[in-house]
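Shown next, in structure tokens, is the structure this report addresses.
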Amino acid sequence: MSLTKVSYSMITGAPINVLDYGADSTGVVECSAAIQAAATAASGRPLYFPKGTYLINTAITLLNRTTVYGDGKDSIILLSTGNINGFIATSQEYVVVSNIQVRCTTTGSTSEIAGVKFTSCDKCRAENNFFLGMNWSGVFLDSSSNCTVSGNSFIGAVGTLADSNDIAIYRNSNRNLIEENFCFGAAWHGVFIQNPDVATPNVGTNNIIADNQIAGQSAYGITSYTATQPYNSGTIIRNNVISGITGTQLSGTSGAGIYVAQTGGTLIQGNQISNCCISTTNFGTLAPGCIGVATVAGSFPIVISNNVLSSTRGPCIALVTNEAQIIVESNACFLTNSVASTNSKAIYASNCSYTKITNNTVQQTSTLYYGIEILAGLAYNSTECSITGNTVNANTYGIITSALAGGSIGNLQVIGNVVRGTSLVGLSMGNIVGGQITGNYSNSSGVAYVQENSTKCRLTTNRFVSSSGNFGVIFINTNTGTIVDESNSLEAVINNEAGNGTIIAKYFNSATPWSGNSAVGDRVIQSVPVVGQPKGWRCTVAGDVGTTATFVSEGNL
């Protein structure tokens, strides 16, 4: 979709030069009053700041259809204190601020102030400006709609105010376009979408955050946050490049490149994110990672697609306590973590229902943790999830499901995945109640497939290959109601322990097993049929093959 900019051709008239109204361009004499007089006269006309430095101690108020412009970074608005706005417009339309530098060199203590602030405005623009040393925000859209923030540069934020940012979209701000900005302000957030008012917690709708470069923030690169209630934001976060997010704020629980909390209906697409969570210490609370999402029951679906994610600390995608449907599709995830405490999992879904993880590519060089994991917490049931069509190349674990005490994963589909290179476990399926495990390929130097405490599962058309001399396919603890039919190719030593309940494994081989464990009812179907030889064998006594287990011929062909 092309991004069409608003035309301001209705702005006419000769430019107003601030020097003609007594403004001082040396940066020595404070000149707020002179500039304000020029700005008032410029309503509906251009307001020009020639090259120079203009010291102000009061914000400059802009009126309808005023276009402020200068000579780029050589036209400097110098704020005398970090507690004032630079330019403000309230209940105006078609206001433009462009080609100006707004600079502050002192630390302030006031939130919700900015270099450019539009409050309850419509169809306004801030474009091609430079913001240096802002205290809380560079450009602040407060209950403003149909505005564009484009081509601006943000550098070197000062102060430690909570939720400081380069660009803020606050309260009921709708249909705004934030594009092609350089957000290097080192604030808490690069782009921050929020409604801080508890009484009316909904954020704005249909805002587009696209094609920005964001780096060096201490909390998040892009944040979309509202209170804990179902909500459809319609936010699009697309084609941004994000890196270098430290995660030092919020007691070390932050650090995501993109963090979406409660704002359902969000599309996160085509972003390139790397080197996040640099100093994050807590990976279990606020979903830190390259992309982190946390929603509540009843929220609209969220789509995470076609992103390129590279993580050295923390997950590529972290989904924490989501009751909304989350669709994670066609992402490329590169995981190189090597420290256990960093929660090194390429795609991680904890306490999530209705999550679909499909057609992603995972390259994991970490020696710890997993390529893809679905986890149910204490006494929590994750239901109606699916892991389909993914390609996972992992050193240790490929795809894993598990639950803490009292939790379970219901009606899970694991279909058509390819897992290679694992040294411990390719597919590890735990704590499932009703699972379809179909069409997967797992090739491991350790265990290709393990299933534990998972009932009512059906395994069909899988190929499990293990080069380990030990067990390569394992069923342990209670797996009542599980069926492994003859459509599977089990190229590994099988461990089907007694006590698994009613699990029955059927597979092809040219002879009875020579090692492993078998349960009563296991069936080996003759893969090389010969007239006068057994058609297959059934296990009638469970136990260790070669000692206690007994296989009986089904009769000769």
Side-chain angles (χ1 to χ4, degrees), residues 3 5-6 8 59-68 84-98 100 102 110-129 131 134-154 157 161 163-183 185 187-197 200-212 214 217 220-226 231 233-238 240 263 266:
L3 304 176
K5 298 182 180 181
V6 178
Y8 296 100
I60 307 304
T61 299
L62 304 176
L63 303 178
N64 273 352
R65 292 175 168 80
T66 299
T67 297
V68 176
I84 64 170
N85 296 290
F87 295 101
I88 59 172
T90 303
S91 300
Q92 306 297 315
E93 63 178 4
Y94 297 110
V95 174
V96 180
V97 179
S98 67
I100 291 284
V102 182
T110 304
S111 297
E112 298 199 21
I113 55 99
V116 174
K117 182 177 181 179
F118 295 133
T119 300
S120 300
C121 289
D122 188 49
K123 295 180 283 293
C124 295
R125 300 177 68 91
E127 58 186 7
N128 302 324
N129 300 291
F131 297 89
M134 297 295 97
N135 273 268
W136 191 78
S137 183
V139 177
F140 182 16
L141 305 182
D142 188 1
S143 300
S144 294
S145 299
N146 306 304
C147 297
T148 299
V149 181
S150 176
N152 302 283
S153 296
F154 304 85
L161 291 171
D163 287 329
S164 59
N165 57 81
D166 292 333
I167 303 169
I169 304 173
Y170 256 41
R171 300 182 177 90
N172 188 30
S173 294
N174 307 305
R175 300 175 302 280
N176 297 290
L177 174 61
I178 313 299
E179 65 164 349
E180 297 179 357
N181 300 282
F182 295 87
C183 299
W188 276 40
H189 313 270
V191 179
F192 189 33
I193 307 171
Q194 188 196 32
N195 188 344
D197 300 331
T200 55
N202 289 349
V203 297
T205 60
N206 302 309
N207 294 292
I208 299 176
I209 318 299
D211 299 293
N212 303 282
I214 301 172
Q217 279 65 35
Y220 303 109
I222 298 174
T223 313
S224 180
Y225 178 83
T226 189
Y231 191 61
S233 71
T235 302
I236 297 175
I237 303 173
R238 182 181 60 208
N240 302 282
T263 47
T266 301

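Keep in mind the model is a prediction, meaning the values are calculated, not measured.
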Can you list the steps and then say if Phe154 with Val139 is a side-chain contact (heavy atoms from CB on, under 4.5 Å)?
CA-CA 9 Å; Phe154 304 85; Val139 177; 4.0 Å; yes

- [ ] Report the C-alpha separation of Gln194 and Thr223 in whole Å, then their side-chain angles, then the decisive distance to 0.1 Å, and conclude whether the side-chain contact (heavy atoms from CB on, under 4.5 Å) test is met.
- [x] CA-CA 8 Å; Gln194 188 196 32; Thr223 313; over 6 Å; no

Practice prompt. For Glu179 and Ile208, run side-chain contact (heavy atoms from CB on, under 4.5 Å): C-alpha distance rounded to whole Å, both residues' side-chain angles, the deciding distance at 0.1 Å, then the answer.
Written response: CA-CA 8 Å; Glu179 65 164 349; Ile208 299 176; over 6 Å; no

| message | Determine whether Asn165 and Ser137 satisfy the following criterion, side chain to side chain donor-acceptor pair (under 3.5 Å), listing intermediate values before the conclusion. | response | CA-CA 5 Å; Asn165 57 81; Ser137 183; 2.7 Å; yes

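In this structure, Phe192 and Asp166 have side chains that are not in contact, with every pair of non-hydrogen atoms separated by 4.5 Å or more. In this structure, Ile88 and Ile60 have side chains that are not in contact, with every pair of non-hydrogen atoms separated by 4.5 Å or more. Using a 4.5 Å heavy-atom threshold, the side chains of Val68 and Ile100 count as touching. When side chains are defined from C-beta on, Gln92 does not count as touching Leu62, because their heavy atoms never get closer than 4.5 Å. Here the side chains of Tyr94 and Asn64 are not in contact, with every heavy-atom distance at 4.5 Å or above. Looking only at side-chain heavy atoms (C-beta outward), Ile178 and Ile169 come within less than 4.5 Å of each other. The shortest side-chain heavy-atom distance between His189 and Asp163 falls under the 4.5 Å cut-off. Contact annotation: the side chain of Arg125 never approaches that of Val95 to less than 4.5 Å [non-hydrogen atoms, C-beta and beyond].
With Asn207 contributing its side chain and Asn176 its backbone, the two residues share a donor-acceptor pair below 3.5 Å. Without hydrogens or angle criteria, Ser164 side chain to Trp188 main chain gives a donor-acceptor distance under 3.5 Å. Under the 3.5 Å distance criterion, the side-chain polar atoms of Asn85 are left unmatched by any main-chain donor or acceptor of Gly115. Side chain of Asn240 to backbone of Asn212: a donor-acceptor contact under 3.5 angstrom is found.
Ring centroid separation for the pair Tyr170 and Phe140 comes in under the 6.0 Å cut-off.
Taking 4.0 Å as the cut-off between side-chain N and carboxylate O, Glu112 and Arg171 count as a salt-bridged pair.
Residue Asn181 forms a side-chain hydrogen bond (donor to acceptor under 3.5 Å, both in side chains) with just one option from Asn152, Asn129, Asp211, Asn128, and that option is Asn152. Ile209 pairs with exactly one of Ile167, Val191, Val149 by the side chain to side chain contact (heavy atoms under 4.5 Å, CB included) rule, that one being Val191. Remark: of the listed residues Thr263, Thr266, Asn206, Thr266 is the sole one forming a side-chain hydrogen bond (donor to acceptor under 3.5 Å, both in side chains) with Ser233.
Of all heavy-atom pairs between Thr110 and Trp136, the closest is O-CB, 4.0 Å. The minimum heavy-atom distance linking Ala114 with Gly138 is given by the pair CB-O, 3.7 Å.
The structure places CG of Asn174 at 8.0 Å from CG of Asn146, a figure rounded to the nearest 0.5 Å. Atom OG of residue Ser145 and atom CD of residue Glu93 lie 12.5 Å apart, to the nearest 0.5 angstrom. Interatomic distance, OG of Ser173 versus CD1 of Ile193, reported as 9.5 Å (0.5 Å rounding). Distance check: Lys123 NZ to Ser144 OG gives 11.5 Å after rounding to the nearest 0.5 Å.
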